[in-house]
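Okay, so here's the structure we're looking at.
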Amino acid sequence: MSPGCADAPIRKERGQREVFCGLTGIVWLHRKLQDAFFLVVGSRTCAHLLQSAAGVMIFAEPRFATAIIGERDLAGRADLDEELDRVVGRLLARRPDIKLLFLVGSCPSEVIKLDLARAAARLSRLHAPAVRVLAYSGSGIETTFTQGEDACLAALVPTLPEERRAAPPSLLVVGALADIVEDQLRRLFEGLGIAPVRFLPPRRSAEMPPVGPGTRVLLAQPWLGETMRALEERGARHLPALFPLGAEGTTAWLAAAAAAFGVPEGRFRAITEPGAERARKAVERQRPLLAGKRLFLFPDSQLEVPLARFLHGELGLVPVEVGTPYLHRAHLAPELALLPAGTPLVEGQDVDAQLDRCRTLLPDLVVCGLGLANPLEAEGFTTKWSIELVFTPIQGYDQAADLAELFARPLVRRTRLVA
Amino acid sequence: MELTLWTYEGPPHVGAMRVATALRDVHYVLHAPQGDTYADLLFTMIERRPARPPVTYTTFQARDLGRDTAELFQNACRAAFERFRPAALLVGASCTAELIQDDPGGLATALDLPVPVIPLELPAYQKKENWGAAETFYQLVRALAGPHAPPPGTKRPPRPQGRKPRANLLGPTALGFRHRDDPQEVEKLLDLLGVEVAVVAPLGASVADLARLGEADLNVVLYPEIGLPAARYLERTFGQPWTKTVPIGLGASRDFLREVADLLGLDPEPAIARVAPRARWWSLSVDSTYLTGKRVFVFGDATHAIAAARVAREELGFEVVGLGTYSREFAREVREAARAIGLEALVTDDYLEVEAAIAELAPELVLGTQMERHVAKRLGIACAVISAPVHVQDFPARYAPQMGAEGANVLFDTWVHPLMMGLEEHLLQMFREDFEFHDGAPPSHLAATGPARPRPPAEPVPAAAEGSVRWTPEAEKELAKIPFFVRGKARRNTERFARERRLPVITLETLYEAKAHFGR
C-alpha cells in the first residue's frame, strides 16, 4: 500500500471558480525581474484587476501597464499591429531602463486571437539590441493565478543561453523567491559544495541562466509544470522533492540536490542541521496553539498541498479539505505521500458548494482568497487569507517560523479580542 | 489601444456590481472568466462588507469556448436563482463574454424564471464604471418602477392635504465615496424642511422599494454620475422633479434647501437658519487666518471636484489653482465651474497628466483621489482625499459624511489637518533658526530617544539643467532659511522669475524681488 495520499483519488469539481487569473503573477514577477516591464494587452478589467491586486505598490511608476483594447481596435478601424507598435514605442521611449518587455496575453486578446508571439518577435527585431520582447498568456480562460508565473518562465526557457558542452552539472532553482530567501539558499548550497547554482527568474535580464543536459532543476514553487516541461526539452533534469516549506520540506528539498551532486551525508548534516534545528524549535513554539486544529483550504495558489503537508506534519493540524486550482500529480507526489490518508483532495472549484461543505465541517481555520475571507469571518470562521502566502517570504529554514506564525496569528487574535 | 498605468474607473460591469451589491434582494449573473472574480475583493476587502457581493460568475474557460458557453450561462442562472432566490435577476457580460456574443439577456429570459430578469448591455470597450452603475440603476428603475407609471401625459395629482412631502434619495451605491453616510445627513437636511425620505436607492433598497419610486414628490440626486439617468426617467414618466444641487459644504447645503423648498412650495428660511456646522466658526477663528489663499489643486469625479472647489474657495478661503475631473460624461459641468473661477479644467483619465499638472502648479494642498494622494506624497505636498476611486482608508469606522452640516465639519477637519496648524506654522517660521527647530530635528516628543540628526546641509543646487539658472551661495543659504514646506515653491518661483527676466544668476536681491513679485 502506498503511504498517505500518494494514490488517493482527487475529486474534480466544476462550477464557479473564485480565483485570480494569471495576470496577477505580474505583481511579484515585476518586483523580481528588476529591468523587465510587463505590458498586458487586454481590457479595462485587466488594468483594474492589476491595480486592485497591486494597489499597495502605487508609490513608484509601476513596471507594468495595460494596453487597453478599444472599440476602434475591435471594429477593425485600427490596425492592431500598428497600435501595439505605437504603444510599445511610447512606453520604451518613456522607460529607457527597460531591457526585457513581456507582452502579456489576456482573456480578450485570446478570444480575438491576437498573435502576441508574432508581435513580440516583430517588436524584438524593431527594438534590438536594447530591448528583448517576449510574449506569454496570463489570461483567465487559460491560467489561474500562479500559473501566470509558469507561463512567463516557460516563455523565457527557449531564450536561455545554451550551457557549454563540457560544463559540469549545474543546479537551477526555478520559481520566483524573495531575494532574502534566495540569498539564504545560495549560502546553503555553497556550504554543501554545490556549484554552480543559478536561479530562474534572475534579478536582472542580463543574468539569464544557461541550460543544457547537465542542468539539474529544483522547483521552488509547485506551479511550474509548463516551465519544467520546457526545461526538460532543453535537456534539463527535474529533481523530485518536497517543496521548501518548513524544516522538513527544506531539508528534503536540499537533500534532493545533495543526492544529485554527491554531497557526502556528513557534510549535508553539518550544513543543514543548524538551520533545521533552528526552524524546528521556532515552529514548535506555535504547535500548542495549532496542533489538532481542523484546517480547510480553498483553492488559490497551488501551494495548498505543500502547505497542508507542512501544517499537518510540523504543526499537527488536521486537514479536512485541501482544495487546489490544479494539482500536478508528478511534482506533488512526495507531498501527497505525507498527507494523512483519507484527506479529501479537490481540484477545481464550485465555490458555493465548497462554502456549504466548509459550513458543514466547521473547521477551526480556513485558508482562502480575499473575496471569501471577510464573509467567512463574519460567519464566525477564523481565516488566513492566502494571497499573503505568495507575497511573503515563506520558504527555507529561517522563514519556517514566519510561515507557522501566519497561521497562528488569526487564531491568537480571536483569543485576544474580548467578545 | 490606450496605454494605461493606473485607472480612475473600473470597467462598466463593476459599476453594475456596485448597484447590485447596494440593493437588498437582487442577484447578478455575470458571464465572465474566472479572473473577473477579483472584483469581489473590492467589496469584501476595501469596503469590508461582511457578505460576498450577490454576483455569480460563469467563469468559462478556454476549453468551454469551442463548446456551449450559452448553456453554461443558463445553468449558472438557474443555479443562482435556486440558491439565492432573488426578487429580480440582473444578467450581463463582462469584456471577454461581450466578445463571444452569447446574449445573456435572451438566454436568461428563455429560462422563464418567476422574477423580473433585467438584461444589462454595458459596452466594456467604450464605457467605464460610473456609466455602468448609472445604466444599471436606470434599467432597474425602468423595469421595476416603470410598470406603475400613469398613462403618458397624466398630470401629477397634487400632494394630499396634511401629508408631509416625500423625497427619494438617488445614487448611493456600494463602494461609493462616503455613500454610506451621506444619505443620513441629507435626511437631516430634508427633515428641517419637514420633508420625509421615501426611498434611498440603490443603497439599502429592495426591489419593492424600487417599484414605488414613482410615489414620492421629489427625487434628490445625490451623485449625478450614478443617479441622473434614473432621475430623468422618473421625471419623464412620473412627472417628479429632481434636485440639481449636491449639498456638499455649507453654501451648497443651504442652496439645496432653497432648491427643495422651491420645488415643493415650502419656506426654506427657518431650515436654512438651523444649518450651522461648527466648521463655519472654525473657519472664522484666528487659527484659520493662515489658511487664507493657500493654493489648492482639486481633482476627482465631477460631483466631488466641483463641490470641493466651491468649499475650498468660499468656506476655507483657499485659492483654487487647478480643477479637473476624470468623469468625461460631466466634462461640461467641470469646465463651466473652472471657467467661473478663471481656470481651464483638466479633463483626463491619464494620471500622469494629472501628476504633471500638480508638479507644474506646485500647490500647497491637493484635494484628489487616492491616485493624487500618492502623487502628492511623492511630491511632498499635503493631500486630502475627496472622491473615488476608493481605498480601504475611505471607509472609516466613524461616521464621516461629506454632505450636509456634519459633512461640512468633516471637510474642514480632513482638509485642514494635513496642513500645518496656524500657530504651529507661525512658531516654526519664528524659530526656524533655532537649534531644536531646524528641519532635521526630530519631533520634540522623540528628542530623548530619536537620533539626533545633524542639521542638514543646504539643499544642493540642482545641476544646471536646460534653461535653469545659477544661485549665488548667499542666495542659496537664504533659501535654506525658508521653512521646508514652502522652500520648493520659493525655489521654483524664484527661478521662474529669473528665467522670465533672463537673469543668469540668482542673488539675494533676486530672491527678495521674486518674493515681492509673487507675494500675496
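Just the heavy atoms: all of them, side chains too, but no hydrogens, waters or symmetry mates, feed the values below. Labels below follow one simple rule: chain letters A, B, ... track the order of the sequence lines, proteins then strands, and each chain is numbered from 1.
The shortest distance between side-chain heavy atoms of D85(A) and M1(B) does not fall below 4.5 Å. Residues R63(B) and I141(A) fail the side-chain proximity criterion, which asks for heavy atoms closer than 4.5 Å. Looking only at side-chain heavy atoms (C-beta outward), L99(B) and P108(A) come within less than 4.5 Å of each other. Put simply, the side chain of V19(A) does not reach to within 4.5 Å of the side chain of T37(B), judged on heavy atoms. By the 4.5 Å heavy-atom criterion applied to side chains, F20(A) and D36(B) are not counted as neighbours. With contacts defined as side-chain heavy-atom distances shorter than 4.5 Å, the pair E18(A)/Q34(B) does not qualify. Between P50(B) and N374(A), every side-chain heavy-atom pair lies at or beyond the 4.5 Å cut-off. Inter-residue side-chain proximity for E110(A) and L65(B) is flagged as unmet; no heavy-atom pair is nearer than 4.5 Å.
When Q126(B), R83(B), E355(B) are compared by the number of non-hydrogen pairs under 4.5 Å with chain A, R83(B) comes out ahead. The choice from E142(A), E379(A), R86(A) that makes the most heavy-atom pairs within less than 4.5 Å of chain B is R86(A). Among L49(A), L91(A), L84(A), T144(A), the residue with the largest count of heavy-atom pairs under 4.5 Å with chain B is L49(A). Put simply, of L39(A), I68(A), T24(A), the one with the most heavy-atom pairs under 4.5 Å next to chain B is I68(A). Of the listed residues L23(A), T66(A), I69(A), the one with more heavy-atom pairs under 4.5 angstrom with chain B than any other is T66(A).
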How far apart are the C-alpha atoms of E2(B) and V87(A), what are their side-chain angles, what is the distance that settles it, and do they pass the side-chain contact (heavy atoms from CB on, under 4.5 Å) test?
CA-CA 7 Å; E2(B) 174 201 346; V87(A) 165; over 6 Å; no
Evaluate the side-chain contact (heavy atoms from CB on, under 4.5 Å) criterion for residues T44(B) and L372(A): first the C-alpha distance (whole Å), next the side-chain angles of each, then the deciding distance (0.1 Å), finally the verdict.
CA-CA 7 Å; T44(B) 63; L372(A) 300 178; over 6 Å; no
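Contacts between L352(B) and chain A at a heavy-atom distance below 4.5 Å involve the side chain alone, from C-beta outward. Neither the backbone nor the side chain of S139(A) comes within contact range of chain B; no heavy atom of the residue lies under 4.5 Å from a heavy atom of that chain. Neither the backbone nor the side chain of R72(A) comes within contact range of chain B, judged by heavy atoms closer than 4.5 Å. Looking at V40(A), there are no atoms closer than 4.5 Å to chain B (heavy atoms on both sides), in backbone or side chain. Proximity to chain A (any heavy atom under 4.5 Å) is restricted, for V55(B), to the backbone atoms N, CA, C and O. Looking at L355(A), only its side chain comes within 4.5 Å of chain B, counting heavy atoms on both sides. For A78(A), no part lies near chain B; criterion is any non-hydrogen pair under 4.5 Å. Only the side chain of R94(A) comes within contact range of chain B, with heavy atoms under 4.5 Å apart. In this structure, no portion of V375(B) lies under 4.5 Å from any heavy atom of chain A. For N75(B), no part sits under 4.5 Å from any heavy atom of chain A, backbone or side chain. Contacts of L80(A) with chain B are made by both backbone and side-chain atoms, with heavy-atom separations under 4.5 Å. Proximity to chain B (any heavy atom under 4.5 Å) is restricted, for L74(A), to the side chain, taken from C-beta onward. In this structure, the portion of D356(A) lying under 4.5 Å from any heavy atom of chain B is its side chain and not its backbone. There is no contact between V88(A) and chain B, counting heavy-atom distances below 4.5 Å.
Not a single donor-acceptor pair under 3.5 Å links the side chain of S43(A) to the backbone N or O of Y125(B). For the pair T7(B) (side chain) and H48(A) (backbone), a donor-acceptor distance under 3.5 Å is absent.
For the atom pair OG (S52(A)) and CG (L41(B)), the distance works out to 6.0 Å, reported to the nearest 0.5 Å. In this structure, T58(B) OG1 and R17(A) CZ are separated by 12.5 Å, a value rounded to the nearest 0.5 Å. Taken to the nearest 0.5 Å, the CZ atom of F145(A) stands 15.0 Å off from the OH atom of Y38(B). Distance check, rounded to the nearest 0.5 Å: CD of E377(A) to CZ of R48(B) gives 12.5 Å.
We find that E9(B) and R44(A) are not joined by a salt bridge, their nearest charged nitrogen and carboxylate oxygen being 4.0 Å or further apart. Here D352(A) pairs with R52(B) in a salt bridge; the nearest charged N to carboxylate O distance falls below 4.0 Å.
In this structure, E121(B) places its CD atom where only 12 or fewer heavy-atom neighbours from other residues, nucleotides or ligands lie under 6.0 Å away. Within a 6.0 Å radius of CZ in R90(A), no more than 12 heavy atoms belonging to other residues, nucleotides or ligands are found.
Across every non-hydrogen atom of G15(A) and T59(B), the tightest pair is O-OG1, 3.3 Å. Closest of all the heavy-atom pairs between C107(A) and T96(B) is CB-OG1, 3.0 Å.
Partners of Q393(B) by side-chain contact (heavy atoms from CB on, under 4.5 Å), not counting sequence neighbours, listed by chain and number: Q370(B), R373(B), H391(B).
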